[in-house]
Amino acid sequence: MKEEPEVFAGYWITTEEFCNLTPQNMFHRQLDRSSLPAVEPERQNRHILFRRKFTLTATDNVILHISADDYYKLYVNGVFVTQGPAAGYSFHYFYNRVDLSKFVHPGENTIAVHTYYQGLINRVWVSGDRQHGLLLDLFAQGKLLLASDESFLCRVHSGFSAAGKAGYETQFLERYDAAAPEVGFEQPEFDDSGWNPAKIRRHAAYRMFRQPTAQLEFESIAPAAVEPLANGFRIDFGAIYVGSLTFRARGKRADEIEMRFGQELNEDGSVRHQLRANCNYIEFLRLSGNVDTLNQFDYKSFRYVELLLPPGCEIEPDSLRLCARHYPFPLKALCNRTDEKSLAVWKLCVDTLHYGMQEVIQDCMEREKGYYLGDACYSLLAWSILTKDFAPMEKFFDDFLRTSFINRGLMTCAACSFMQEIAEYPLIMFLLLMEYCRLTGNLEFARERYAAFADILDFYREEYAEADGLLNHLDKWCVVEWPANLRDGYDVDLTEGKRCDTKHNALNAWYIGAIKCLNEVAAMLGQPPYAETAPLEKAFVAAFYDPAKQRFRDSVSTDHISLPGNVFAAFFELFPDREGVRNTVAMIREKRLSQSLLFVTFPLLAFLRREGETELIHELLTDKDAWLRMLSEGATRTFEGWYKDQKWNTSLFHLTMSLGALFLTDWEMERILRFSRR
């Protein structure tokens, strides 16, 4: 796990506004309200541009190392090249290695970079910390040719202003002024004579590491349909994608085109720009009086667009495109069923992963853009099984292990300014580690991280274990299942933001399961088990098992029996008898997927697979009230619910339920999802 940071010849460069700022600490335990970071509205939504000329004699092997805080878009000789980096903490910040050989030519070349400092405290970046800058080294034929310094010219892009915010303080909606003097800054012939030299940041204590995953890919999606309106156009791109809109238009200077984006239509056929997922996607293009091209910086999740045009404005219909972004997706798996319903579910899940995976696995790409620990475990497993690419999973493990500097029990979201702790999320990751080891055989990776995983369990034991070894009095939120109305009446007060003082089933099932998973990893590594689980399993049965009903109760304070309280126990083989296992199968057969979604569904289906209940699995996968319900409501990507109205803020492009693909392909689950008796 030891890596040596890259030493750059270049400096972190920025503007006068940022060069002398002292970084602000953004990190704290969720319930610690004593030292919250300051929100600084006066220093937000900064689009900052850099330019530099350079000369080449040969164009082969021209390599750029580049990073920015928060983010960059790179242009060479007027052509868009790539963007990044994946978010990180300053002590382990990522840079991208980019081959520029096909973008350059002998003689004079121009590098132009559009950087961004958002300044919001959210799940997207570690922003709001007063840290902005660009860092790069350019190599030609293995020799340093150019490095970021004060010879770069710099200017704030005045063409981007805020048109509100979307989601949970997730992004600034954009009003793009095509008449701004910085428009076209990426072109070699652009006049930058009025720009200022960049400033070197005084406080830039970064440790730089090459991003271990691939760069995003970009697709130009043509409209599936364009419908003229009395005052504009309604465009349908045929499916929900993640990206931005572009087109060319001409109209009167200072007139504005209003753009309304949505994932679905209203009953009257208009675009539902007020998304269910708490985003109101209305943005604007201010015209220059010439032929203008819309250039949006940020991305969102949408299928439909309404363009409302001012009088006399004209759109070039052939220029309408959705610029979709996603991680490379080399599909290497097939559906193991041939019936029409299974194939429809398979396609829905595969398309969701294909077009939803970004620089990291997010839960949804609009309301939060959040890199969530619990959600990502199932999505990443599905993504990795389908592509046979485990690099994003390896990065995922390391990204979340790094959150231990905030809390040894890890954080819910990685590489961001939003502080949240969900109790069972780190415990789900142990299941993923076990599966990673068995699927890849890369035991050295696990060996190097074993102590870090063990420390998470040490933290849970030291902070929360009672005399019988079970956990209680957690200052972390336990979610069990989400939304809350799918917990099957789980009888424990799980209010976020307060301590839970009820010893309950689901958390302890995950805790024991995490120990069992780490024990399996230890056995593969030839090490002794992390801990014996027999005493904990005995305590779990004593605390929660109802011997008369042969089912598990939700907590020590209730007689209520729920689906989560038995599925987790069944999955981790905590039942003291086979009759209890059979009772859980019967409960699933009765309730089907009506009381499970984001966190119960995977262990439920995996438990059934291990029990040989293949036909019941097929019934559930093709149940009219599950994935097929999404499809009946027009889904092109998996929802954050079995149907649109299942929760108040349903995302219609949410990756977690793509896990259905796992149970429609062959990946040796019977071998992988087993636990030895220790």
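Annotation for K53 and P188: closest pair NZ-O, 2.6 Å, computed over non-hydrogen atoms. Nearest approach of Y241 to A239, heavy atoms of both residues: CD1-O, 3.2 Å.
With sequence neighbours left out, R43 forms a salt bridge (charged side-chain N to carboxylate O under 4.0 Å, His left out) with E17, E40. R52 pairs by the salt bridge (charged side-chain N to carboxylate O under 4.0 Å, His left out) definition with nothing, not counting sequence neighbours. Partners of Y116 according to the side-chain hydrogen bond (donor to acceptor under 3.5 Å, both in side chains) rule, which considers only residues two or more places apart in sequence or in another chain, are N45. Remark: R367 pairs with E640 by the salt bridge (charged side-chain N to carboxylate O under 4.0 Å, His left out) rule, at least two apart or across chains.
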List, one per line, each side-chain donor-acceptor pair under 3.5 Å for residues 81-90, sequence neighbours excluded.
residue : atom : partner : partner atom : Å
T82     : OG1  : Q215    : NE2          : 2.8
Q83     : NE2  : Y71     : OH           : 3.2
Y89     : OH   : A415    : N            : 2.9

Exercise answer: donor-acceptor pairs, residues 138-146 side-chain atoms, under 3.5 Å, sequence neighbours excluded:
residue : atom : partner : partner atom : Å
Q141    : NE2  : D60     : O            : 2.5

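H47 and E182 share no donor-acceptor pair across their side chains, judged by distance under 3.5 Å alone. Of the N and O atoms on the side chains of T170 and E366, not one donor lies less than 3.5 Å from an acceptor on the other residue.
Ring-plane geometry between F329 and H354 is classed as parallel, the angle between the planes falling under 30 degrees on a 0 to 90 degree scale with a further cut at 60. Between F80 and Y75, the ring planes lie perpendicular to each other; the angle is over 60°, past the 30° to 60° tilted range. Under the 30°/60° scheme for interplanar angles, the aromatic rings of F209 and H92 are found to lie parallel.
A 4.5 Å side-chain heavy-atom check between R130 and P23 finds every atom pair outside the cut-off.
For K199, the NZ atom is loosely surrounded, since the number of other residues' heavy atoms within 6.0 Å does not exceed 12.
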Query raised in the report: Stepwise, does the side-chain contact (heavy atoms from CB on, under 4.5 Å) test hold for N196 with E16?
Result: CA-CA 10 Å; N196 295 319; E16 183 78 39; over 6 Å; no
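Residues F396 and W383 place their aromatic rings such that the two centres sit no closer than 6.0 Å.
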